[in-house]
S.K.: 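Quick one: the structure is below, questions incoming.
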Amino acid sequence: MKALCWHGSKDIRCDEIPDPRIEHPRDAIVKVTSCAICGSDLHLYDGYMPGMENGDVMGHEFMGEVVEIGSACKGTLKVGDRVVVPFTIFCGECEQCRRGNYSVCEHTNRNKKVADKMFGHSTAGLFGYTHLTGGYAGGQAEYVRVPYADKTHIKVPQNGLSDEQVLFLGDIFPTGWQAAVQCDIQPTDTVAIWGCGPVGQMTIRSTILLGARQVIAIDNVPERLAMAKAGGATTIDFENESVVERLNELTHGKGPEKCIDAVGMEAHATATLDSIYDKVKQTVMLETDRPHVLREMMYVCRPAGTLSVPGVYGGLLDKIPFGAAMNKGLTIRMGQTHVNRWTDDLLHRIQEGQIDPSFVVTHRVSLADGPGMYKTFRDKEDGCVKVVLKPGQTQAARA
Amino acid sequence: MNTEGTLAGRREETEALAHGLGWFSIALGVTELVAPHALARWLGMPGSAPVLQAYGVREIATGAGILASDDPTGWVWGRVGGDALDLATLASGLNNDNPQKENIAIALGSVLAVTLLDLACASALSSRNEQWRAARTRAQHAYGRRSGFKYPPEQMRGAARDFKIPHDMRTPELLQPLKR
């Protein structure tokens, strides 16, 4: 089968590799009908996340048709089922899963010892996201083996909803939703969201749906800001105005109650001292992440406010104004998304027509065109916001 | 037609060329910096060693700029400017008193060839940026209508207030807004 494989920093190739097969009774094989490039895939593409190996299959946002199941999946899955696969693999049985904390499942990371060393304690296994999280083959492929498939799936209706309407239930939609839910939004709240990429866009819609009085979106890419505005946000272009000054202006000098970091470890701040400092330290490998957004959020957030961090961080961060966070009594909530905790509700909202997450798709290409699209997406060229890959397709199209 | 693939191919070639020029710049710069006297002798311009060293620093800075930058266009145009300076400096050594006149001619030919490459690369990068700007403007217009909602955002505000925030994600009562 064909799959997008990692061969080093900025080197993704569409390779021919062996088809996956059932390895465990809880496995299923899914024929991928649609998959997407996620913003967090770019951290692997750019070589900032440790733990990738030559030939690893990329991708953790995908859906398709169940074509084979292991014996333990009978009763929960059947051949022909249409499923979206959550990026977090979970067992459904451990203490964390029973609490709904699926992204920190205690059983699914088969490289637990490595993760224990890196993070103190292991988190869940993830698809296509380094050997620190299990080294599972990802979904930017024609077929995928889904481990713990009896739990790790979201069944979607066979008809009535297109792939693109439900595909993002596997990652960016619940990620944006959890980011907003973690803020426990009140009708009087101003929510500031850093980053208008795909997760940022979903976060904007989620905060509007959850009833925030004012939503402010921060980025420097004009078309992404236009999309944010269309979703109901007031926008700040950090290229042209001071984020801190503008946020204070929009909140009568008090700062936003809730701040959401939908950027993560590769912040591109323009000409700020700390961003230059981060870039230099990251280049000489003295720092793994560029945490400009975290610093700005801690500084500008209203005392007793909440910071929510769906943006992915990988390792060691420098010059974090923890004094500001501590003295202002900020609450910080973060983590990978507990996808299945939210998907029943979100699928219902899509079916009701409350939201159609396909609004974010700007590029549709074949798997073979995937490697080039990584660069297009990374460099935000050609108005690229979200790329959907169609493994069965040969023709490229722009939305 | 898969225009995306074709454009991506051309873009990668241009960026690979820029990358190559970046490394070439650093290699030439290091040579000028560490062996200025030998170079000056070879050119028959013995007094020009300090100038060659300064040019070496310029080459290294330009090369590093090309390699480190997300958009190397400005740095490659900088190389074109540097080429003009190199050509002018070399031309000043092209006189009958110089016993190494032939070496100067070789150097001039080489710099001229590199200048053409620099020019081609800088022009391709500039035209790519133009295309990006145009695509960005088009996208800005198109995405301004993509709300993803059934009704305008103002009408959708609070549509999910029926959602029960899980206990572990609720804001403690003391930190919630005051009820008036």
Side-chain angles (χ1 to χ4, degrees), chain A residues 99-100 178 181-184 186-189 201 205-206 208-213 221-227 229-233 257 268 283 304-306 329 331 333 341 345 349 353-360 362-363 365-366 368-369 372-373 375-376 379 381-383 385 395-396 398, chain B residues 1-12 15 64 67-68 70-71 128-129 131-180:
Chain A
R99 289 171 187 270
Q178 181 174 307
V181 167
Q182 283 179 158
C183 288
D184 188 7
Q186 306 294 319
T188 50
D189 279 347
Q201 298 292 344
R205 273 68 181 178
S206 300
I208 292 280
L209 287 174
L210 287 165
R213 187 179 61 83
V221 182
E223 62 271 23
R224 292 182 176 205
L225 288 167
M227 198 183 265
K229 208 169 186 177
E257 286 95 341
H268 293 278
T283 307
T306 300
T331 301
R333 291 203 173 95
R341 195 165 174 183
D345 182 80
R349 291 183 195 281
Q354 221 174 65
I355 184 164
D356 177 356
S358 67
F359 77 89
V360 79
T362 55
H363 291 68
V365 299
S366 68
D369 287 328
M373 287 312 292
K375 189 165 181 0
T376 301
D379 294 341
E381 294 168 14
D382 194 36
V385 179
Q395 191 82 9
R398 194 174 178 285
Chain B
M1 193 178 97
N2 180 359
T3 51
E4 177 61 39
T6 321
L7 284 175
R10 253 184 262 147
R11 178 192 66 199
E12 273 162 28
E15 283 177 8
L67 295 177
D70 288 336
D71 175 12
R128 175 202 69 172
N129 288 354
Q131 284 174 14
W132 285 3
R133 268 192 285 277
R136 187 152 272 181
T137 310
R138 276 196 308 274
Q140 223 174 317
H141 290 300
Y143 302 169
R145 294 187 293 275
R146 289 189 182 203
S147 81
F149 291 133
K150 195 174 181 178
Y151 303 113
E154 262 325 298
Q155 276 175 264
M156 298 307 292
R157 197 181 297 275
R161 280 211 185 105
D162 58 328
F163 180 78
K164 284 209 168 63
I165 302 291
H167 192 71
D168 58 320
M169 293 182 181
R170 277 186 216 150
T171 304
E173 210 170 315
L174 276 173
L175 299 181
Q176 284 183 12
L178 294 172
K179 308 245 179 336
R180 290 182 189 165

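The chains referred to below are lettered A, B, ... by the order of the sequence lines, with proteins before strands, and numbering in each begins at 1. Just so it is clear, the values below take in all heavy atoms, side chains as well, and ignore hydrogens, waters and symmetry mates.
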S.K.: Taking atom CZ of R213(A) and atom CZ of R157(B), what is their separation to the nearest 0.5 Å?
M.R.: 9.0 Å
S.K.: Using only atom types and a distance under 3.5 Å, with no angle test, would you say the side chain of R145(B) pairs donor to acceptor with the backbone of A230(A)?
M.R.: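 Side chain of R145(B) to backbone of A230(A), a donor-acceptor pair under 3.5 Å: no, none is there.
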S.K.: I'd like to know whether NZ of K229(A) has more than 12 heavy-atom contacts from other residues, nucleotides or ligands below 6.0 angstrom.
M.R.: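 For K229(A), atom NZ is not crowded (no more than 12 foreign heavy atoms under 6.0 Å).
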S.K.: Relative to chain B, which of R224(A), E223(A), R341(A), Q178(A) shows the most heavy atom pairs under 4.5 Å?
M.R.: E223(A)
S.K.: Identify which part of P222(A) has an atom lying under 4.5 Å from any heavy atom of chain B, answering side chain, backbone, both or neither.
M.R.: both
S.K.: Heavy-atom distance under 4.5 Å to chain B: side chain of R99(A), backbone, both or neither?
M.R.: neither
S.K.: Measuring heavy-atom distances to chain B, does A212(A) have an atom under 4.5 Å in its side chain, in its backbone, in both, or in neither?
M.R.: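 The backbone, not the side chain.
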S.K.: Below 4.0 angstrom, N of the basic side chain to O of the carboxylate: do D168(B) and R333(A) qualify?
M.R.: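 Looking at D168(B) and R333(A), the cut-off is not met.
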S.K.: Would you confirm whether Y143(B), through its side chain, and G383(A), through its main-chain N or O, come within 3.5 Å as a donor-acceptor pair?
M.R.: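 The answer is yes, because a donor-acceptor pair under 3.5 Å joins these two groups.
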S.K.: Which answer fits D345(A), side chain, backbone, both or neither, if we ask what part of it has an atom under 4.5 Å from a heavy atom of chain B?
M.R.: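 Looking at D345(A), just its side chain touches chain B.
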